[in-house]
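In what follows, chains are A, B, ... by sequence order, proteins preceding strands, each numbered from 1.
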Amino acid sequence: MRKINSEETARNDSRGTDRLVKLLELLRAARAPEPSPGYLAAFWPRLRQKLPSRRRAIIQPLRYGGLAAAAAALILWVTLAGTERAGRTGPASPVYALATASSPAAGERPETNYVSGTPRGKENDRRAGTDYVLPRISARENGRLEV
Amino acid sequence: MTSDESNRSEDFGLVRAARGGDEDAFGELVRKYQGKIYSLAYSMVGNHSDADDLAQEIFLKSYRNIGKFRFQSSFYTWLYRIGVNTIITRRKKLRRNRHLELRPGALDVEGSPYLSPRRGGKRGDEAAAGRELRRDIREAIDRLPEKQKTVVVMHDIEGIPHSEIARILKTSEGTIRSRLHYGRKKLQDDLAKWLD
């Protein structure tokens with residue numbers, strides 16, 4: 001019985017080895033075909049054209065730095081100065097336009113002092129440089145609008 | 001000095017020159033390893049177009065990162081590491097986009113005695129059997145988990161020794177042998193009809 005088992009094991013081992021040898025042979029056959037000499041000769045010249053040049057390596061960071069600085073300046077300007085300027089209409093109230101307090105004629109008061117729905121200043125505040133929102137049509141009619 | 005050491009120091013010299021902006025020195029390194037890198041890429045993706053694209057990308061990456069080479073391993077090991085990582089990343093993208101192609105005539109198994117189950121017929125039958133075998137091998141390799149596939153390709157197809165694969169993949173030789181064992185086992189099951 002033991003002899004039969006050991007023979008069977010040996011047979012299985014030999015079959016396993018045989019299968020492995022066959023598998024390795026198939027895999028070796030799966031190797032890439034040898035590239036042609038023409039392909040190999042053209043490989044480096046093609047690659048060379050794609051290499052980042054030293055000049056570009058210096059200029060590129062500067063270019064990105066310049067773009068980043070311009071973007072930062074734009075963000076800073078929008079944040080601090082905003083887009084509210086005399087004569088501009090707000091996105092929330094397109095029928096209104098901004099005018100400065102120094103422009104209104106004496107005795108007149110701005111109809112409203114809201115910009116894009118945000119309260120801004122006091123209704124009767126007429127200090128120079130304070131922004132008010134005037135109805136676009138009446139402002140034009142009054143000739144007070146600085147566009 | 002052994003030939004390995006002299007090869008290594010020659011590569012180091014070229015790397016130093018390339019770091020200093022000498023493109024021709026880098027070109028020497030490219031010419032030296034382009035065949036091996038192309039072959040590795042081809043074995044992993046199975047078609048010329050992707051293999052060529054990958055080989056170019058691998059060398060481009062190595063050029064951009066050559067300043068990070070620390071001279072602690074051979075240039076070849078470092079380059080292969082970049083290669084394997086690049087190929088694995090690309091394969092993930094490819095797998096998402098389409099099934100991998102098999103270029104006709106890619107696998108030269110026409111002379112294999114293991115075509116026997118289908119042999120004996122007309123020439124057309126043999127060619128069809130060859131195509132079927134190539135497709136089966138390609139698909140079986142492709143079905144392997146990425147880590148097993150990488151090791152099977154590097155060792156059984158490219159013939160890179162365990163110790164070198166371990167250095168490239170930064171893992172132990174035991175792990176490499178284990179991945180190889182399980183990878184081969186799966187391949188034997190998948191390709192049973194060609195092996196029995």
Side-chain angles (χ1 to χ4, degrees), chain A residues 3-72, chain B residues 21 23-24 26-31 34-48 51-52 55-60 63-64 103 105-114 133-134 136-138 140-141 152-153 155-159 183-185 187-188 190-192 194-196:
Chain A
K3 193 182 173 193
I4 291 169
N5 279 345
S6 68
E7 276 174 6
E8 206 168 280
T9 309
R11 248 200 322 274
N12 284 342
D13 282 352
S14 146
R15 192 168 158 268
T17 310
D18 193 35
R19 278 168 58 102
L20 182 61
V21 170
K22 285 179 181 178
L23 174 71
L24 294 181
E25 191 163 319
L26 285 182
L27 291 176
R28 269 193 287 274
R31 258 202 105 166
E34 203 64 43
S36 71
Y39 168 76
L40 292 176
F43 189 89
W44 165 238
R46 282 196 296 127
L47 180 68
R48 188 172 205 157
Q49 288 177 346
K50 299 179 195 167
L51 295 184
S53 70
R54 290 183 69 73
R55 186 173 156 268
R56 214 182 307 156
I58 295 166
I59 290 172
Q60 202 86 327
L62 292 178
R63 191 187 293 165
Y64 286 127
L67 282 175
Chain B
E23 286 186 359
D24 291 330
F26 186 71
E28 282 297 306
L29 290 166
V30 171
R31 272 189 281 271
Q34 62 186 8
K36 285 181 176 174
I37 291 294
Y38 170 83
S39 182
L40 175 71
Y42 189 99
S43 300
M44 292 286 277
V45 294
N47 70 80
H48 167 75
D52 171 55
Q56 291 262 322
E57 189 181 333
I58 291 163
F59 281 110
L60 262 180
Y63 183 79
R64 286 198 201 104
R103 193 171 67 118
L107 309 178
D108 180 21
V109 290
E110 296 305 322
S112 167
Y114 307 114
L133 172 57
R134 285 195 292 273
D136 284 358
I137 295 172
R138 185 75 255 161
I141 292 173
V152 166
V153 165
H155 186 270
D156 288 346
I157 300 182
E158 295 301 313
R184 282 172 176 173
K185 221 171 161 192
L187 286 177
Q188 283 182 336
D190 272 12
L191 298 169
W194 299 103
L195 301 174
D196 293 326

**Asked** Given B:H48 and A:Y39, is the side chain to side chain contact (heavy atoms under 4.5 Å, CB included) satisfied, shown in steps?
**Response** CA-CA 11 Å; B:H48 167 75; A:Y39 168 76; 3.6 Å; yes
**Request:** Counting only heavy atoms closer than 4.5 Å, note whether B:R184 contacts chain A via side chain, backbone, both or neither.
**Result:** both
**Item:** Per-residue contact mode, B:D190 against chain A (heavy atom under 4.5 angstrom)
**Value:** neither
**Item:** B:L191, part contacting chain A, at a heavy-atom distance under 4.5 Å
**Value:** side chain
**Message:** Looking only at the aromatic ring of each residue, does the gap between the centers of B:Y38 and A:F43 stay below 6.0 angstrom?
**Reply:** no
**Asked** Do the non-hydrogen side-chain atoms of A:P35 and B:Y42 ever get within less than 4.5 Å of each other?
**Response** no
**Message:** Applying salt bridge (Lys or Arg N to Asp or Glu O under 4.0 Å), can you list everything that pairs with A:R28, at least two apart in sequence or on another chain?
**Reply:** none
**Prompt:** If you take all heavy atoms of A:L27 and B:I157, which pair is closest and at what distance?
**Reply:** O-CG1, 3.5 Å
**Message:** Applying side chain to side chain contact (heavy atoms under 4.5 Å, CB included) to A:L24 and B:H155, what does each step give before you reach the verdict?
**Reply:** CA-CA 10 Å; A:L24 294 181; B:H155 186 270; over 6 Å; no
**Request:** Please look at B:L40 and chain A and tell me whether the side chain, the backbone, both or neither of the residue comes under 4.5 angstrom of a heavy atom of that chain.
**Result:** neither
**Item:** Spatial distance of atom CD (B:E57) from atom CG (A:L47) [nearest 0.5 Å]
**Value:** 11.5 Å
**Asked** To the nearest 0.5 Å, what is the distance between CZ (B:F59) and CZ (A:R46)?
**Response** 11.5 Å
**Complete:** For A:W44 and B:Q34 the tightest heavy-atom approach is N-OE1, 4.2 Å
**Asked** Relative to chain A, which segment of B:V153 carries a heavy atom at a distance below 4.5 Å: side chain, backbone, both, or neither?
**Response** neither
**Item:** Interchain contact, B:A55 with chain A, by part (heavy-atom threshold 4.5 Å)
**Value:** both
**Asked** In chain order, what residues pass the side chain to side chain contact (heavy atoms under 4.5 Å, CB included) check against B:Q188, with sequence neighbours excluded?
**Response** A:R19, A:L20, A:L23, B:L195
